[in-house]
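Below: one structure, written as structure tokens.
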Protein chains: 2
Amino acid sequence: MATMRDVAKAAGVSIATVSAVINKTTKVSAELTQRVNDAIKEVGYRPNGVARSLKMGATPTIACILPGITNPVFAEMAQTIESEANKKGYAVFVCNALEDNALQDKYLQFASSMRPVGGIIIPAAGSEIDVEAIQREIGVPFVVLDRAAPDTKADSIVVDNYDAAFNAVNYLISLGHKRIGAIASFPYSFTSRDRIRGYRSAMEQSGLDTTGLVRENCSTVERAQSAVFELMSSQNPPTALFATFDHAGLGIVKALNRLDLRMPDEVSVITFDGGAWAEAINPNVTSVRQPATQMGSEAVRLLLERIDATEPMSHRRLMLPTEFIVRGSCAPLFS
Amino acid sequence: MATMRDVAKAAGVSIATVSAVINKTTKVSAELTQRVNDAIKEVGYRPNGVARSLKMGATPTIACILPGITNPVFAEMAQTIESEANKKGYAVFVCNALEDNALQDKYLQFASSMRPVGGIIIPAAGSEIDVEAIQREIGVPFVVLDRAAPDTKADSIVVDNYDAAFNAVNYLISLGHKRIGAIASFPYSFTSRDRIRGYRSAMEQSGLDTTGLVRENCSTVERAQSAVFELMSSQNPPTALFATFDHAGLGIVKALNRLDLRMPDEVSVITFDGGAWAEAINPNVTSVRQPATQMGSEAVRLLLERIDATEPMSHRRLMLPTEFIVRGSCAPLFS
DNA sequence: TAAGTGTATTGAAACGTTTAGATTGAATTT
DNA sequence: AAATTCAATCTAAACGTTTCAATACACTTA
């Protein structure tokens with residue numbers, strides 16, 4: 001593959017002049033510029049970003065490590081991070097850790113070895129999240145997005161999951177529901193944990209029992225679905241269901257369909273997220289909407305601010321508001 | 001940041017020995033191995049992949065350039081590519097070109113400059129797809145996925161879009177429908193083009209008129225939705241709708257909901273793809289399912305085969321079968 | 001004991017850039 | 001005409017690895 005050396009030879013100039021023409025760093029006469037540009041075409045030169053990065057000590061890239069892109073919230077975040085970073089002249093390296101901590105570590109190492117300017121990470125929920133370990137691995141500024149412990153020792157962006165869940169469940173309670181089931185994903189993820197905490201607080205505060213009503217580890221639509229089958233076939237089935245994330249909501253809807261239970265008449269439903277499907281089905285599903293786009297763009301903003309900062313700055317935590325969208329999937333309980 | 005030189009100094013050995021310990025390329029005595037490993041910890045050494053890539057002439061990475069990840073089919077492909085490549089020891093660099101050709105070119109250049117071993121690209125549909133230009137930019141073996149011209153001068157993986165659409169529309173015709181609307185996205189994408197061609201063939205073959213019934217450029221749910229509003233409020237509205245991709249199907253469903261038109265009684269619907277929502281709504285939507293996972297893994301396979309090939313091999317084209325899943329969204333037309 | 005064999009370790013030259021500082025030579029000043 | 005200035009160009013030294021070829025050293029073997 002052609003190098004600057006080849007271009008220089010073909011143009012009859014020095015390697016430094018070629019570099020100057022390509023990067024427009026110093027003035028080069030019109031004639032040499034012409035000759036260099038011709039030579040570039042002639043030899044089919046394509047810059048070697050690897051060499052450039054080595055010399056410069058960094059790659060103009062942001063590493064983005066996330067646990068999956070089938071969750072529409074993560075997909076939206078990734079998409080936003082991508083386009084925001086681009087506006088600022090950075091490429092984005094998306095690594096999909098598939099909720100697997102080992103894979104996440106591998107990616108962390110690999111990403112870090114490519115010397116990006118910074119990272120944005122939505123931690124995998126396979127085990128306890130260790131921000132210090134991440135810091136050690138990645139070695140550059142980074143932002144923890146969405147799944148961040150309250151005392152995260154890094155910039156972080158979250159929503160108030162506890163509060164959002166608390167309010168959503170209270171809404172169901174205010175409609176008269178007493179048996180409310182909850183479908184959640186990984187107990188190690190801070191988001192899931194907080195949402196379940198919010199659910200429990202709301203229930204306990206109203207003196208309602210939750211035994212047997214919480215199903216964790218329902219990380220796929222199928223698992224959520226079978227959890228609903230179990231829940232609804234118990235001797236005292238819930239009259240309302242609360243999904244702590246998108247796939248759980250989808251699982252609930254599909255399960256109720258299969259069980260021929262009508263929503264909201266027979267079962268009321270609230271879901272976190274609620275991607276496209278929540279607005280497609282009839283009735284639309286009442287949801288807790290997360291500001292995924294805003295979270296993504298704020299992540300980029302915080303990261304770049306820190307990278308550009310001349311003096312040390314303390315860790316910042318942004319807690320963005322969720323939106324509770326009442327649609328048609330909840331009905332008052334007469335009993 | 002600590003380098004091998006620092007490690008070598010701390011361990012009292014040469015740089016070559018450090019490299020040997022790290023890469024296990026040659027035998028190093030137990031004692032030195034120990035000293036080197038201690039030194040690595042001591043100085044906090046993290047390998048510089050950039051330097052390594054420069055020396056090795058390539059980065060153990062596959063560049064994956066696609067037009068978006070909100071389309072569930074693309075998301076699934078990306079996810080599969082990621083995990084398959086990983087199994088083979090490659091990282092994946094996902095670049096989201098957002099259906100923008102200029103951005104795609106930028107990514108192509110950037111990706112290529114990072115010297116990946118190969119690329120997998122789902123071309124943006126913003127304008128005519130030029131595989132030769134892609135080849136020139138990227139300079140390494142690559143596979144064109146999904147949106148590939150019949151005579152693509154590269155390995156390519158597609159489904160028979162024409163045939164799938166033809167059959168789907170014929171199914172509607174066989175149910176007695178005569179006014180069938182089609183909602184499509186970018187006219188420049190080969191997939192959309194072929195699906196519309198299939199639709200037109202089926203219609204023409206049965207002597208049915210298509211004037212005013214085809215809506216292209218409905219690339220978002222919203223646009224698809226308003227196309228349906230227009231279509232259904234025309235003086236002679238269709239009795240069936242055919243969506244050539246996921247978002248169009250979603251737009252149709254939402255629009256019909258809003259218009260209070262019942263599916264399938266008042267309007268029959270078939271959609272390509274049909275992500276989660278198609279199985280969530282009642283009735284489930286009859287769909288043309290693409291083998292996205294298989295397409296992703298085959299893409300990786302073809303790419304790696306070509307990379308590992310010792311002698312030149314001609315371009316291969318895989319055409320994978322689609323699946324026509326009859327669900328409840330189509331009804332016979334009595335009139 | 002001298003020569004030969006084999007293994008563990010090292011020195012140094014790349015890989016393809018960027019860039020500080022040196023060099024050149026023409027234009028301007030004295 | 002010599003000295004000065006200035007812009008355009010070039011030389012060469014990094015950046016942090018990998019790896020070939022060279023070295024050193026301890027064993028065998030004749």
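Atom set for the values below is all heavy atoms of this structure, side chains included, hydrogens, waters and symmetry mates excluded. Throughout, protein chains are lettered first and strands after them, A, B, ... in sequence-line order, and every chain is numbered starting at 1.
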Closest approach of [X] and [Y], non-hydrogen atoms and distance?
| X | Y | result |
| --- | --- | --- |
| A:Pro116 | A:Ala111 | CD-O, 3.0 Å |
| B:Arg35 | B:Val13 | NH2-CG1, 3.9 Å |
| B:Ala299 | B:Val143 | O-CG2, 3.7 Å |

*Where chain A begins and ends its contact with DNA chain C, read 5' to 3' at 4.0 Å from heavy atoms*: C:dG16 to C:dT19

Whole angstroms only, please: what is the [atom1]-[atom2] distance between [X] and [N]?
| X | N | atom1 | atom2 | answer |
| --- | --- | --- | --- | --- |
| A:Arg35 | D:dA8 | CZ | C1' | 13 Å |
| B:Arg5 | D:dT18 | CZ | P | 13 Å |
| B:Met1 | D:dT17 | CE | C1' | 15 Å |
| A:Arg115 | D:dT17 | CZ | P | 7 Å |
| B:Leu54 | D:dT17 | CG | P | 12 Å |

*So which one's nearest nucleotide on DNA chain C is more toward 5', B:Thr17 or A:Ile22?*
B:Thr17

*Mapping B:Thr25 and B:Asn48 to their closest nucleotides on DNA chain D, which lands nearer the 5' end?*
B:Asn48

*Checking all strands, does A:Val13 fall into the base, sugar-phosphate, or nothing category for heavy-atom contacts under 4.0 angstrom?*
sugar-phosphate

*Pick base, sugar-phosphate or nothing for B:Leu32, based on heavy-atom distances below 4.0 Å to the nucleic acid.*
sugar-phosphate

*Could you tell me whether A:Glu82 and B:Lys106 have a side-chain N and a carboxylate O separated by less than 4.0 Å?*
no

*asked:* Closer than 4.0 angstrom, basic N to acidic O: yes or no for A:Arg301 and A:Glu305?
replied: yes

*The side chain of B:Met56 lies closest to which of these nucleotides: D:dA14, D:dA8, D:dT18?*
D:dT18

*asked:* Taking the ring centre of each residue, are B:Tyr107 and B:Phe93 less than 6.0 Å apart?
replied: no

*Main-chain N/O of A:Ala16 paired with A:Ser14 side-chain donor or acceptor, under 3.5 Å*: yes

*So, is B:Ser19 near the phosphate of D:dT18, with a side-chain N or O under 4.0 Å from OP1 or OP2?*
yes

